[in-house]
Protein chains: 2
Amino acid sequence: MKPPLPPAHRAAWRAFISAYWRVTARIEAGLTARALPTLAWYDVLYGLYLAPGHHRRMSELADHVLLSRSGLTRLVDKLEQKGLLVRNACPSDGRASHAQLTARGVEALRKMWPTYRDGIAAHFSSRLNANELATLTALLDRLAAEPAEQAGRKES
Amino acid sequence: MKPPLPPAHRAAWRAFISAYWRVTARIEAGLTARALPTLAWYDVLYGLYLAPGHHRRMSELADHVLLSRSGLTRLVDKLEQKGLLVRNACPSDGRASHAQLTARGVEALRKMWPTYRDGIAAHFSSRLNANELATLTALLDRLAAEPAEQAGRKES
DNA sequence: GGGAGATGGTTGCATATGCAACTACCATCC
DNA sequence: GGATGGTAGTTGCATATGCAACCATCTCCC
């Protein structure tokens, strides 16, 4: 197969995939062991929590959660059924709607946060020292950044 | 929410998740643009390709691909239907079966590899220099290592 | 030999997820 | 005002994925 991709690049790629899956699986295991919802639930609720007034447009939220639009629609449906958030019409744009965190949503967030936090610490951030963590963050941020050619464009 | 998780840890965690999703999405986009199968297909075929004799036990394969057992069963079903591999009974263990790459499977692998390779290079490995790549690999490998293993090898 | 328990693999079922089509609405041009 | 094109969000459909139950087989121990 004559791979012109250097071994170091391959090793890095494999380490990247492997680390992601293993770490997230360990953290998810901690959540399910306590009968808590998945990371996606947390991300949506937390994304709303961070926003001023605890509400955000669906599209902004989808971007934050790294989920497709349709996926977010379904997830928000579930969260709304559980009473953790409500949908409000956007006053300035009839097409858009805002997801608004409820008191119960904040409560749910508080309840799951300790487990999530401990998972991140145990399986991720506490396994590296401060310098290493900073280095890792900088490298990952560069990888996540939009490619230069498409920096100004909306399509990915 | 009083997060005792330091901001640097949070930033690192978010960068980790974000980088993974964005990079893999870009690479997958390249594959689908050429009507090629997904990364999972490639990983299975390549996992077999690497093995001596181009065959491996299902369980070993599942570990390599980072997929659940049942997920692998289904994926291998599809690949077998396409004629890219065959299942053989394991001579030494009646429970186990081996997946054996076929000539067509090797062919399929050769066909998709250039696109995959270019995707990895363009969206991942070529965005960092050699030193950075080595650093990243080392850090990710430590994160991926089993907790017990990590505990025993505490250092730095 | 034969039962108890563990392991490899498959399948039923439920859930998750994405793409593409669709509706409703906004913005622009004429 | 009305047509045209673009955007926000939802839904139909197909697929992917995992957990847990299940069968067959192996290992261990008596």
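Below, read A as the first sequence line, B as the second, and so on, with proteins coming before strands; counting in each chain starts at 1.
- Rounded to whole Å, the distance from CG on L72(B) to C1' on dG18(D) is 13 Å.
- Mapping T73(B) and R95(A) onto DNA chain C by nearest heavy atom places T73(B) at the nucleotide closer to the 5' end.
- The shortest distance between side-chain heavy atoms of R127(A) and R142(B) does not fall below 4.5 Å.
- Across all strands shown, R57(A) has heavy atoms under 4.0 Å from sugar-phosphate atoms exclusively, and none from any base.
- Between the side chain of E132(B) and the main chain of N129(B), a donor-acceptor pair closer than 3.5 Å is present.
- The side chain of D77(B) has dT11(C) as its nearest neighbour among dT25(D), dC25(C), dT11(C).
- Each of L67(B) and S92(B) was matched to the nucleotide of DNA chain D holding its nearest heavy atom; the match closer to the 5' end belongs to L67(B).
- One finds a side-chain N or O of K78(B) lying less than 4.0 angstrom from the OP1 or OP2 phosphate oxygen of dA16(D).
- Here dT17(C) presents its P atom at 11 Å from CG of D43(A), a figure rounded to the nearest Å.
- Taking 3.5 Å as the limit, the base of dC19(D) and the side chain of S70(B) contain a donor-acceptor pair of atoms between them.
- Rounded to whole angstrom, the span from the CE atom of M58(A) across to the P atom of dT7(D) amounts to 18 Å.
- Between the side chain of R74(B) and the base of dG9(C), no donor-acceptor pair of N or O atoms lies under 3.5 Å.
- Across the protein-nucleic acid pair, Q81(B) atom CD and dT10(C) atom C1' stand 15 Å apart, rounded to whole Å.
- Side-chain atoms of S126(A) do not come within 3.5 Å of backbone N or O of A122(A) as any donor-acceptor pair.
- In this structure, E80(B) contributes its side chain and A99(B) its backbone to no donor-acceptor pair below 3.5 Å.
- For S59(B), a side-chain nitrogen or oxygen approaches OP1 or OP2 of dG9(C) to under 4.0 Å.
- In this entry the distance linking CG of D93(A) with P of dG6(D) reads 17 Å, nearest Å.
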